[in-house]
Amino acid sequence: MRGKHIGLLLGVALVVAGGLAACGQSKTPTSSKGQLAAKQDVKLSAKSEVTTLDVSKAADSTSLTMLYHTQEGLYRLGKNEKLINAMATKTTVSKDGTRYVFDLRKTNHWNDGKPVTAHDFVYSWQRTATPKTASEYAYLMAGVKNFNQVQSGKLAPSKLGVKALSDYRLQVTLSKPVGYFKLLLAFPTFFPQEKSAVEKAGSSYGHSSAKTAYDGPFKMTKWQGTAQNWTLVKNPKFWDKKQINLQKINFQVVADPSTGLSLFQKKSLDATTLDGTQVANLKNNPNLKTFVGGTTYYMQMNQKKVKALKNLKVRQALSLAIDKQQLASHVLRDGSKAPLGFVSQNLTQNPKTKADFAKDAYVKQGVTYDLAKAKKLMKAGLKESGTQKLNLTLMCDDLSVTKTVAQYIQAELEKMPNVKITINTLPYKTRLSRSNSGNFDLVISSWGADFADPINFLSLMSTGNTNNNGSFSDAQYDAAIKRSENQDANNPTARYQDLVTAEKRLMTQQGLVPLYQPATAELWNSKVTGYVWNPAGMSRGYQWMALEK
């Protein structure tokens with residue numbers, strides 16, 4: 001996920017594709033150990049407005065988070081980053097990992113009382129894959145059989161590899177094994193849709209709370225398409241309603257951390273996000289919670305546009321000259337961490353040893369700070385590339401935090417002789433457009449994982465990938481990625497090692513410069529329990545929250 005999706009952070013743990021019979025019991029996490037308050041209402045903030053409640057079209061973090069709580073898919077993410085059954089009661093996977101059959105529970109209903117069936121999943125997936133829908137997240141279905149042909153208009157949506165074997169049995173066929181496929185199914189893009197409701201509302205579907213169908217733990221009210229405030233209320237038609245304690249979640253848009261802190265202190269909010277200065281001042285507050293994982297900020301270097309950046313020594317010098325630990329602990333000061341590589345920490349684990357992927361794939365020189373060595377490498381690299389001086393423009397978003405990071409990087413890089421950095425701050429959409437078109441020298445980029453697997457990061461840097469804006473290209477790297485997606489796709493251990501090899505190669509060749517792994521620091525009312533946070537994709541889980549006395 002690019003910058004606009006940073007707030008969407010989903011689960012962890014590599015999923016073994018072959019031979020799994022089920023995802024585990026539909027066990028609901030315990031939300032509270034104390035006595036509950038009589039009034040189960042909480043007040044939360046959002047950084048932006050909801051843009052749509054259409055499963056096929058939602059792409060921003062606020063909208064997707066609301067969909068995650070008003071809709072129910074096959075799986076949901078519980079405590080400790082565990083996939084748990086939602087609509088699926090049993091999952092059977094073929095030995096080759098390409099065919100999934102889901103037995104669905106028969107007790108869930110849309111808010112109009114109609115049962116949720118396998119046909120609702122088929123309709124939803126076909127609608128998302130249809131090119132005229134223009135779904136930004138349709139690409140997550142790329143592993144489903146015939147998806148590419150459906151997206152390009154060469155095949156009808158009915159040819160997509162999903163079908164209802166009966167009202168409560170759903171079959172999905174993949175074009176090849178996808179080791180992380182189950183993780184995708186906890187993402188709203190894969191949730192069902194009620195065909196009659198979508199067709200009745202037409203182009204207005206999902207544009208107001210009244211013109212949206214719900215099958216999840218909550219329904220939305222008081223939303224007319226644009227609003228700074230809205231409410232989620234408990235859904236009486238939800239299959240697991242007995243486990244839902246909250247009656248209401250009241251949301252308001254709070255973009256400024258100072259405003260949020262003031263509202264929290266006045267008890268007008270039960271949680272608020274802090275900035276670095278606030279974290280430094282409140283670091284001993286018992287209500288402070290810090291969540292890290294699933295996202296990396298990094299600097300891309302345009303090897304196609306700038307001759308000197310083709311030189312490995314120059315790229316290594318740029319990385320070595322930036323003190324990432326100093327950036328995280330003394331500049332950002334919000335709990336952010338210095339990176340171990342491109343793939344973030346706290347995302348996935350070694351299937352055998354349970355070690356963090358970032359530690360298994362760690363290459364010290366790729367992320368360490370060594371100014372003396374940086375100066376030597378820069379001098380040698382400039383000579384080899386026939387360049388006397390390196391005058392580069394560093395492009396970044398016009399947000400306060402990214403501007404601060406850019407200024408820090410500028411100061412660090414200019415400690416090397418013959419290096420001059422000019423900062424160019426732009427609105428997000430403009431910066432993204434220029435990044436995608438290769439119109440930059442250096443650019444600060446970010447990626448938040450859509451699902452908890454290293455490939456979600458590493459595929460970005462494959463030769464020709466649309467997100468590989470710096471035109472990094474390495475045959476050994478590409479080969480490792482291809483092995484993980486083909487001959488080793490159904491072998492978790494071999495596939496994991498392929499991805500470790502790829503990450504190490506990326507850092508050895510300094511295909512990019514990891515800068516920091518951001519943290520989300522928040523104050524939470526101590527009486528609110530049961531909040532579930534996960535590091536990739538859908539980070540925020542409100543379903544099992546409760547308010548104690």
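Computed from a prediction, not measured in an experiment: that's the story for all the values here.
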| field | NZ/K43: more than 12 non-hydrogen atoms of other groups inside 6.0 Å | value | yes

Hey, are [Y] and [X] close enough side-chain-wise for a donor-acceptor pair under 3.5 Å?
X    : Y    : value
D453 : T348 : no
Q517 : T295 : no
T51  : S63  : yes
T393 : N424 : no
S48  : T62  : yes
Q228 : E49  : yes

| Is any NZ, NE, NH1 or NH2 atom of the basic residue among K114 and D120 found under 4.0 Å from an Asp or Glu carboxylate oxygen of the other? | no

| Going by the side-chain hydrogen bond (donor to acceptor under 3.5 Å, both in side chains) test, which pairs reach into residues 198-210, not counting sequence neighbours? | none

| Qualifying side-chain hydrogen bond (donor to acceptor under 3.5 Å, both in side chains) pairs with a residue from residues 280-290, counting only residues at least two apart or across chains | none

| task | Any chance you could lay out the side chain to side chain contact (heavy atoms under 4.5 Å, CB included) test for Q193 and T128, step after step, and finish with the verdict? | result | CA-CA 10 Å; Q193 297 179 58; T128 297; 4.1 Å; yes

| Could you go step by step and tell me if W544 and R76 meet the side chain to side chain contact (heavy atoms under 4.5 Å, CB included) rule? | CA-CA 12 Å; W544 300 291; R76 190 168 287 273; 3.7 Å; yes

| note | Rounding to 0.5 Å, atoms CZ (R431) and CG (L426) come to a distance of 9.0 Å

| Inter-residue atom distance K182.NZ - L184.CG, 0.5 Å rounding | 12.5 Å

| task | Walk me through it: do S45 and Q252 pass the test side-chain hydrogen bond (donor to acceptor under 3.5 Å, both in side chains)? | result | CA-CA 5 Å; S45 65; Q252 64 175 304; over 6 Å; no

| task | Run the numbers on L53 and W223 for side chain to side chain contact (heavy atoms under 4.5 Å, CB included), then give the verdict. | result | CA-CA 10 Å; L53 289 177; W223 182 68; 3.7 Å; yes

| note | Closest heavy-atom pair, K324 versus P514, reported as atoms and distance to 0.1 Å, is CE-O, 3.3 Å

| query | Given the side-chain rings of Y100 and F181, with only the six-membered ring counted for Trp, is the space between their centroids under 6.0 Å? | reply | yes

| Between Y531 and W524, is the gap from one ring center to the other below 6.0 Å? | yes

| request: Just do the side chain to side chain contact (heavy atoms under 4.5 Å, CB included) check on F190 and L74 with the steps written out, would you? | output: CA-CA 8 Å; F190 292 87; L74 293 167; over 6 Å; no

Would you please classify the geometry between the [Y] ring and the [X] ring as parallel, tilted or perpendicular, with 30° and 60° separating the classes?
X    : Y    : answer
Y75  : F102 : perpendicular
Y542 : F251 : tilted
Y68  : F191 : parallel

| task | Please lay out, stage by stage, how F451 and F187 fare under the test ring pair (Phe, Tyr, Trp, His ring centres under 6.0 Å). | result | CA-CA 8 Å; F451 51 92; F187 200 81; 8.9 Å; no

| Can you list the steps and then say if S433 with N436 is a side-chain hydrogen bond (donor to acceptor under 3.5 Å, both in side chains)? | CA-CA 5 Å; S433 176; N436 291 341; over 6 Å; no

| request: May I ask you to check if R540 and W533 form a cation-pi contact, with NZ or CZ under 6.0 angstrom from the six-membered ring centre and within 45° of the axis? | output: no

| message | Before you tell me yes or no, could you show the steps for D215 and H109 under side-chain hydrogen bond (donor to acceptor under 3.5 Å, both in side chains), namely the whole-Å CA-CA distance, both residues' side-chain angles and the distance that decides it to 0.1 Å? | response | CA-CA 6 Å; D215 76 320; H109 296 80; over 6 Å; no

| said: Pair W239, E72 - check side-chain hydrogen bond (donor to acceptor under 3.5 Å, both in side chains), show working. | reply: CA-CA 10 Å; W239 71 272; E72 184 82 328; 2.9 Å; yes

